[in-house]
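Written out below as structure tokens is the structure these notes cover.
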Amino acid sequence: QVQLVESGGGLVQAGGSLRLSCATSGRTFSRYTTGWFRQAPGKEREFVAAISWSGGSVYYADSVKGRFTISRDNAKNTVYLQMNSLKPEDTAVYYCAALPRSITLATMSWTKADYWGQGTQVTVSS
């Protein structure tokens, strides 16, 4: 019922920036919280950032605080992840997900996602 399509990934040098987009279609009237998760080779999928439908609540993993900014434009049905000061350890496939509105940082988990995008590759070279 909800389709999520990520874009904006690519190859950047350490210290560079990328902006990921998550375009939503389908059941767009559902007031989902939208999150970003990432998965690096050999590692489990981990939480990156999330934002409530209203934009009033934002959540960040400690590893990206101060470097990444999540935002959304509901008129465009799009959530963004601005990634600055990228590090090689940020290299991963980044996925956006529709999460329950009630989710909090304490309960944040990819297993609670209702819908997923296909992911976009981010590679940061040193």
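The chain is numbered in sequence order, starting from 1.
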Is any side-chain heavy atom of [X] closer than 4.5 Å to a side-chain heavy atom of [Y]?
{"X": "Ile103", "Y": "Lys112", "result": "yes"}
{"X": "Asp114", "Y": "Val2", "result": "no"}
{"X": "Asn74", "Y": "Trp53", "result": "yes"}
{"X": "Leu18", "Y": "Val122", "result": "yes"}
{"X": "Thr24", "Y": "Gln3", "result": "no"}
{"X": "Trp110", "Y": "Glu46", "result": "no"}
{"X": "Trp116", "Y": "Leu4", "result": "no"}
{"X": "Leu81", "Y": "Arg19", "result": "no"}

Indicate the atoms forming the closest heavy-atom contact of [X] with [Y], along with that distance.
{"X": "Gly9", "Y": "Thr120", "result": "N-OG1, 3.2 Å"}
{"X": "Trp36", "Y": "Cys22", "result": "CZ2-CB, 3.6 Å"}
{"X": "Pro88", "Y": "Ser126", "result": "CG-CB, 4.0 Å"}
{"X": "Thr33", "Y": "Ala50", "result": "CG2-CB, 4.2 Å"}

Strictly distance-based, threshold 3.5 Å: is any side-chain N or O of [X] a donor or acceptor partner for the main-chain N or O of [Y]?
{"X": "Arg72", "Y": "Ser52", "answer": "yes"}
{"X": "Thr123", "Y": "Leu11", "answer": "no"}
{"X": "Gln82", "Y": "Thr69", "answer": "no"}

Hydrophobic clusters here meaning ILVMFWY residues chained together by side-chain heavy-atom distances under 4.5 Å, can you tell me if [X] and [Y] are in one?
{"X": "Val124", "Y": "Leu20", "answer": "yes"}
{"X": "Met108", "Y": "Ile51", "answer": "no"}
{"X": "Val64", "Y": "Leu86", "answer": "yes"}
{"X": "Tyr60", "Y": "Val48", "answer": "yes"}
{"X": "Tyr80", "Y": "Val58", "answer": "no"}

Self-check item: Check: Asp73/Thr78 side-chain N/O donor and acceptor closer than 3.5 Å
Solution: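 No, no side-chain donor-acceptor contact under 3.5 Å.
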Quiz item: Do Glu89 and Thr91 meet the criterion of a side-chain donor-acceptor pair at a distance under 3.5 Å?
Solution: no
Quiz item: Around atom CD of Gln118, are there more than 12 heavy atoms of other residues, nucleotides or ligands at under 6.0 Å?
Solution: no
Quiz item: Can you list the residues that meet the ring-ring contact (aromatic ring centres under 6.0 Å, His included) rule with Phe47, with sequence neighbours excluded?
Solution: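 ring-ring contact (aromatic ring centres under 6.0 Å, His included) list for Phe47, sorted by chain: Phe37.
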Quiz item: Just how far is it from atom CD of Gln1 to atom OG of Ser25, taken to the nearest 0.5 Å?
Solution: 12.0 Å
Contacts table for residues 94-101: side-chain donor-acceptor under 3.5 angstrom, sequence neighbours left out:
unit_1	atom_1	unit_2	atom_2	d
Tyr94	OH	Arg38	NH1	2.8
Tyr94	OH	Asp90	O	2.6

